[in-house]
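Input: a single structure, listed below in structure tokens.
In listed order, ligands and their atoms are each counted from 1. Values below: every heavy atom of this structure, side chains too, minus hydrogens, waters and symmetry copies.
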Amino acid sequence: MKIASAEFLKGIIGTDVILTDGVPEIAFVGRSNVGKSSVINSLVNRKDLVKTSNRPGKTTEINFFGINGKKCYFVDLPGYGYAKRSPKEKESIEKLILWYLMYSGVTPLKVVIILDSKAGLTDFDAEMIRVLREQGHPYLIVANKVDKLNQKELSAQTRAIKEAAHEAVVHPYSATTATLKERDALLRVIFDEA
Ligand SMILES: Nc1nc2c(ncn2[C@@H]2O[C@H](COP(=O)(O)OP(=O)(O)OP(=O)(O)O)[C@@H](O)[C@H]2O)c(=O)[nH]1
Ligand SMILES: [Mg+2]
């Protein structure tokens, strides 16, 4: 899919008509600070569509972006596992994500789990995969920030992530250094055009 336009539509924290309006959704989930918002910006080729931050934990709503009008939505979910949040805040974010995936009524076209390729799979990522498998939602792992790894580290990490993730598709990526060709390759995988 070629992305010609992308615009912020709305942020939600509970049930909303946008969830069931028939527009296919690509959801982006992952630990705080792994680069979810940066990956979305890279995919739509915009620097600032989604706010990114050195201070993690900024996104607390489920944010919807319209792609090519309303051909599909990119959905940026709040990041989990941010250490500086209170236990109560952490719990409410995890609940919101699980609600979106399990009870909101969505049938996402694809759920993109974003990891920091250096850190690998965290406990809540594994929980996420368990839920996605249980719900039957198609998913894909993007191992982001590969610019921080050398070739040897990269292949070891990709293998380790794949093993820990039931042999899921693991796509190495860098939102910071991706070329247009690399970006298009990721889009093809997300939209099953590969
Ligand atoms: N080196 C490197 N840094 C990256 C990459 N992608 C994102 N970053 C940086 O990582 C930090 C967090 O990026 P965000 O896109 O805000 O992360 P997020 O997952 O949306 O974070 P939350 O919204 O807090 O959950 C920023 O400082 C980005 O510049 C990457 O591919 N390589
Ligand atoms: Mg973000």
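For residue Ser37, an N/O/S atom approaches the Mg ion (ligand 2) to within less than 2.8 Å.
Counting non-hydrogen atoms of other residues, nucleotides and ligands closer than 6.0 Å to NZ of Lys10 gives a total above 12. No more than 12 heavy atoms of other residues, nucleotides or ligands shown are found within 6.0 angstrom of CG on Asp123. The environment of CD in Gln151 is sparse: at most 12 heavy-atom neighbours from other residues, nucleotides or ligands sit within 6.0 Å.
Compare Asn144, Val142, Thr176, Val146 by their heavy atoms: the one nearest to atom 4 (C) of ligand 1 is in Thr176. Remark: among candidates Gly81, Ser117, Ser38, the nearest residue to atom 15 (O) of ligand 1 is Ser38, based on non-hydrogen atoms.
For ligand 1, the atoms sitting less than 4.0 Å from at least one non-hydrogen atom of Gly79 are 25 (O), numbered in the order shown with element in parentheses. Residue Lys36 approaches ligand 1 through these ligand atoms, each under 4.0 Å from one of its heavy atoms: 15 (O), 17 (O), 18 (P), 19 (O), 20 (O), 21 (O), 22 (P), 25 (O). Counting atoms of ligand 1 from 1 in the listed order, those under 4.0 Å from a heavy atom of Ser32 are 22 (P), 24 (O), 25 (O).
Using a cut-off of 4.0 Å between Lys/Arg side-chain N and Asp/Glu carboxylate O, Arg130 and Glu127 are scored as salt-bridged.
For a threshold of 3.5 Å applied to N or O pairs, the pair formed by Lys148 and ligand 1 contains no separation below that value. At under 3.5 Å, a nitrogen or oxygen of Ala175, whether backbone or side chain, sits near a nitrogen or oxygen of ligand 1.
Residue Phe74 forms a ring pair (Phe, Tyr, Trp, His ring centres under 6.0 Å) with just one option from Phe28, Phe65, Phe64, Phe8, and that option is Phe28.
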| request: Kindly indicate, with the supporting measurements, whether the criterion side-chain contact (heavy atoms from CB on, under 4.5 Å) is fulfilled by Glu134 and Met102. | output: CA-CA 9 Å; Glu134 189 183 275; Met102 297 170 81; 3.9 Å; yes
